[in-house]
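Here the structure is laid out as structure tokens; the discussion comes afterwards.
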Amino acid sequence: MFKRKGIQMLSVQPDAKPKGCAGCNRKIKDRYLLKALDKYWHEDCLKCACCDCRLGEVGSTLYTKANLILCRRDYLRLFGVTGNCAACSKLIPAFEMVMRAKDNVYHLDCFACQLCNQRFCVGDKFFLKNNMILCQTDYEEGLMKEGYVSQVR
């Protein structure tokens, strides 16, 4: 099981007793410190175990699993669910952005009308017919061929 935890950046109060860093065990004398996993950290000490990025800079969330502290991208890369694109059947890495239509998942580049290859923009209508993504024009032409739409005069 993983834990998704928040990161807080706090100002060090000048009259407060310095807190010990959970990463390096030295006193935190900086202007700011991070609080995560119920511990205090130097900004440089709270890092992803894989890519070494500073977690306070990449967001306000960290992930822990198997005694690792990870950024979102590495957590998904290591432990995320992968799947195959419904259009090209190639693997979609867990950290990659996708488009979804009902139970189908697509690479962003594959999310296009499967008849005319028109790419969809934000707000465009698309239709899922017989497990194919269609633009409005191809969908309506298919309906007319099938006799579902009455002829317009």
For this session: Consider only side-chain heavy atoms of I, L, V, M, F, W and Y, link residues closer than 4.5 Å, and tell whether L128 and L143 are in one cluster.
Result: no
Exercise. Is it the case that one hydrophobic cluster holds both L37 and L34, taking links as side-chain heavy atoms less than 4.5 Å apart, direct or via other members?
Worked result: yes
For this session: Apply side chain to side chain contact (heavy atoms under 4.5 Å, CB included) to the pair L46 and I7, showing each step before the final yes or no.
Result: CA-CA 10 Å; L46 186 59; I7 302 171; 4.1 Å; yes
Is there a donor-acceptor contact under 3.5 Å from the side chain of [X] to the main chain of [Y]?
{"X": "D138", "Y": "C135", "answer": "no"}
{"X": "H107", "Y": "L91", "answer": "yes"}
{"X": "W41", "Y": "K35", "answer": "no"}

If you look at every heavy atom in [X] and [Y], which pair is closest and at what distance?
{"X": "C50", "Y": "D74", "value": "CB-OD2, 3.3 Å"}
{"X": "L55", "Y": "C48", "value": "CG-N, 3.8 Å"}
{"X": "M97", "Y": "L108", "value": "O-CG, 3.8 Å"}
{"X": "G23", "Y": "C45", "value": "CA-CB, 4.3 Å"}
{"X": "P18", "Y": "I28", "value": "CB-O, 3.9 Å"}
{"X": "C21", "Y": "C24", "value": "SG-N, 3.5 Å"}

Sub-4.5 Å side-chain heavy-atom contact between [X] and [Y]:
{"X": "Y40", "Y": "L10", "value": "yes"}
{"X": "C71", "Y": "Y63", "value": "no"}
{"X": "K65", "Y": "L78", "value": "no"}
{"X": "E43", "Y": "L33", "value": "no"}

Measuring from [X]:[atom1] to [Y]:[atom2], what's the distance to the nearest 0.5 Å?
{"X": "H42", "Y": "K19", "atom1": "NE2", "atom2": "NZ", "value": "13.0 Å"}
{"X": "C110", "Y": "K90", "atom1": "SG", "atom2": "NZ", "value": "7.5 Å"}
{"X": "R73", "Y": "E96", "atom1": "CZ", "atom2": "CD", "value": "9.0 Å"}
{"X": "N131", "Y": "D103", "atom1": "CG", "atom2": "CG", "value": "8.5 Å"}
{"X": "E140", "Y": "Q136", "atom1": "CD", "atom2": "CD", "value": "4.5 Å"}
{"X": "L70", "Y": "L76", "atom1": "CG", "atom2": "CG", "value": "10.0 Å"}

Exercise. Should we say atom CZ of R72 is surrounded by more than 12 heavy atoms from elsewhere, each under 6.0 Å from it?
Worked result: no
Problem set entry | Whether over 12 other heavy atoms sit under 6.0 Å from R77 CZ | yes
Exercise. Can you check side chain to side chain contact (heavy atoms under 4.5 Å, CB included) on I133 and Y106, steps first, answer last?
Worked result: CA-CA 10 Å; I133 305 171; Y106 303 87; 3.2 Å; yes
Problem set entry | Stepwise ring pair (Phe, Tyr, Trp, His ring centres under 6.0 Å) test for Y139 and F126 | CA-CA 8 Å; Y139 177 75; F126 69 90; over 10 Å; no
For this session: Evaluate the side chain to side chain contact (heavy atoms under 4.5 Å, CB included) criterion for residues M99 and N104: first the C-alpha distance (whole Å), next the side-chain angles of each, then the deciding distance (0.1 Å), finally the verdict.
Result: CA-CA 8 Å; M99 294 298 291; N104 296 340; over 6 Å; no
For this session: Show the numbers, then the answer: is there a side chain to side chain contact (heavy atoms under 4.5 Å, CB included) between V98 and F111?
Result: CA-CA 9 Å; V98 297; F111 195 69; over 6 Å; no
For this session: Could you tell me whether R119 and D109 have a side-chain N and a carboxylate O separated by less than 4.0 Å?
Result: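 Judged by the 4.0 Å cut-off on N to carboxylate O distance, R119 and D109 do form a salt bridge.
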